[in-house]
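Numbering of residues begins at 1 and proceeds along the displayed sequence.
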Amino acid sequence: MSWKKKIAIIILLIFIAGIVVVAYEYETTSADVNVLQGDHNILILCADPSEKRPGIGAVDMAFVIGTHNGSVKNITPIYPHLLASPTVDPPAELKAQGDTKLYLHDSLWWADTEYDAKVAQEIVQYNKGYKTDVVVIVTPEAVDALIKSIGPIYVNGTDVTGSSIDFVRNEQYSGGMSRGKAVESVMKPMINAIKDKNKFSALLQAATTQYAKGNIVVVPKDAFVKIAIAYGFKSLL
């Protein structure tokens, strides 16, 4: 299996782990989206809460994960800064700064996360042609907690257990690496670490905690429940 597919599976596992927190509440879910059947695209948004706004934060990086009958087909990095909405105007605060368009970078501006997710989906579909069924938002706090749970994690001799976002940005701006490749460089040692069953268990526990804290958000939030209940976690490895 390619590294890209393994990375995508790890991302899916993280989100499914979070969904378990509410699985019993939605055991009889009638969610329209069942990613166990057919072809689906999942939009991953890496949010940075340090850029203050009413919503979760700025979109630092995005990925589209393609699945077929629950198996990962591909993962595509999406760079947010030049992708604009065809229908939604920027909020007054951004207009005051001179912005005439709403970009994917600012799509999580509003406090209504479901609305934000729909705006992000529209932007990605309009600019990149990917129609997505599910949106997953992850903050650096969640990523750092996951890394800490199985760490220390080293990339080229550098410990990234403290702040993954600082490491990724340094790799991008100082090392000349693309944001997608920088994220992949962090995911690779995570994959190696969770070959240890104890560390894998710790990762799932950390993901559950981060979901409960709101640092991992899924829209619609019951979309992965069928996977968690029907297959559990190990079947995705």
Side-chain angles (χ1 to χ4, degrees), residues 2-15 18 41-53 55-67 72 74-85 94 101-109 113 116-130 132 134-147 153 155-156 158 160-191 207 210-211 214-219:
S2 70
W3 279 117
K4 286 187 177 181
K5 287 187 177 181
K6 287 182 179 178
I7 290 167
I9 289 172
I10 293 302
I11 294 171
L12 287 173
L13 282 168
I14 290 168
F15 307 141
N41 286 321
I42 301 166
L43 178 61
I44 312 298
L45 301 176
C46 302
D48 181 6
S50 69
E51 294 194 34
K52 300 299 182 183
R53 69 268 322 273
I56 294 175
V59 176
D60 223 20
M61 186 65 198
F63 296 88
V64 172
I65 296 176
T67 67
V72 174
N74 51 64
I75 179 169
T76 305
I78 304 290
Y79 298 90
H81 297 281
L82 298 178
L83 306 184
S85 171
L94 293 179
K101 296 180 180 180
L102 178 75
Y103 293 97
L104 181 61
H105 178 74
D106 296 307
S107 59
L108 302 180
W109 184 275
T113 305
D116 293 348
K118 290 178 180 178
V119 171
Q121 286 178 297
E122 181 186 47
I123 292 173
V124 170
Q125 183 173 358
Y126 178 78
N127 288 274
K128 292 295 184 178
Y130 292 104
T132 56
V134 179
V135 178
V136 181
I137 305 166
V138 183
T139 69
E141 182 176 344
V143 175
D144 289 344
L146 296 172
I147 292 175
I153 294 295
V155 177
N156 297 326
T158 300
V160 300
T161 305
S163 177
S164 58
I165 193 169
D166 288 343
F167 173 81
V168 167
R169 286 173 173 171
N170 183 67
E171 288 290 281
Q172 182 181 12
Y173 300 124
S174 300
M177 189 181 292
S178 71
R179 178 63 60 89
K181 288 294 184 182
V183 171
E184 185 171 333
S185 74
V186 175
M187 288 296 179
K188 184 174 180 178
M190 289 181 69
I191 292 167
Q210 292 304 307
Y211 180 88
N215 294 324
I216 298 174
V217 179
V218 181
V219 179

Practice task
Give the minimum heavy-atom separation between Pro140 and Ala47, together with the two atoms involved.
Solution key: CD-O, 2.8 Å

Would you say that [X] contacts [Y] through its side chain, given a criterion of any heavy-atom pair below 4.5 Å between the two side chains?
{"X": "Lys128", "Y": "Val64", "value": "no"}
{"X": "Leu94", "Y": "Trp109", "value": "yes"}
{"X": "Gln125", "Y": "Tyr130", "value": "no"}

Straight-line distance of [X] [atom1] to [Y] [atom2], nearest 0.5 Å:
{"X": "Met61", "Y": "His105", "atom1": "CE", "atom2": "NE2", "answer": "13.5 Å"}
{"X": "Ile56", "Y": "Glu51", "atom1": "CD1", "atom2": "CD", "answer": "14.0 Å"}
{"X": "Leu108", "Y": "Cys46", "atom1": "CG", "atom2": "SG", "answer": "10.5 Å"}

Fill in the blank from the handout: When Val217, Val219, Ile65, Ile42 are each screened for side-chain contact (heavy atoms from CB on, under 4.5 Å) with Val136, the one that passes is Ile42

Problem - Test side chain to side chain contact (heavy atoms under 4.5 Å, CB included) applied to Ala142 - qualifying residues, sequence neighbours left out - result: Val138, Thr139, Gln210, Asn215, Ile216

Practice task
Apply side chain to side chain contact (heavy atoms under 4.5 Å, CB included) to Ala120 and list each qualifying residue two or more places apart in sequence or on a separate chain.
Solution key: Leu43, Leu45, Leu104, Ser107

Exercise for the section: Quick one: list whatever passes side-chain hydrogen bond (donor to acceptor under 3.5 Å, both in side chains) with Thr132, sequence neighbours left out. Expected result: Gln121

Problem - Main-chain N/O of Ala84 paired to Asn127 side chain as donor or acceptor, under 3.5 Å - result: yes

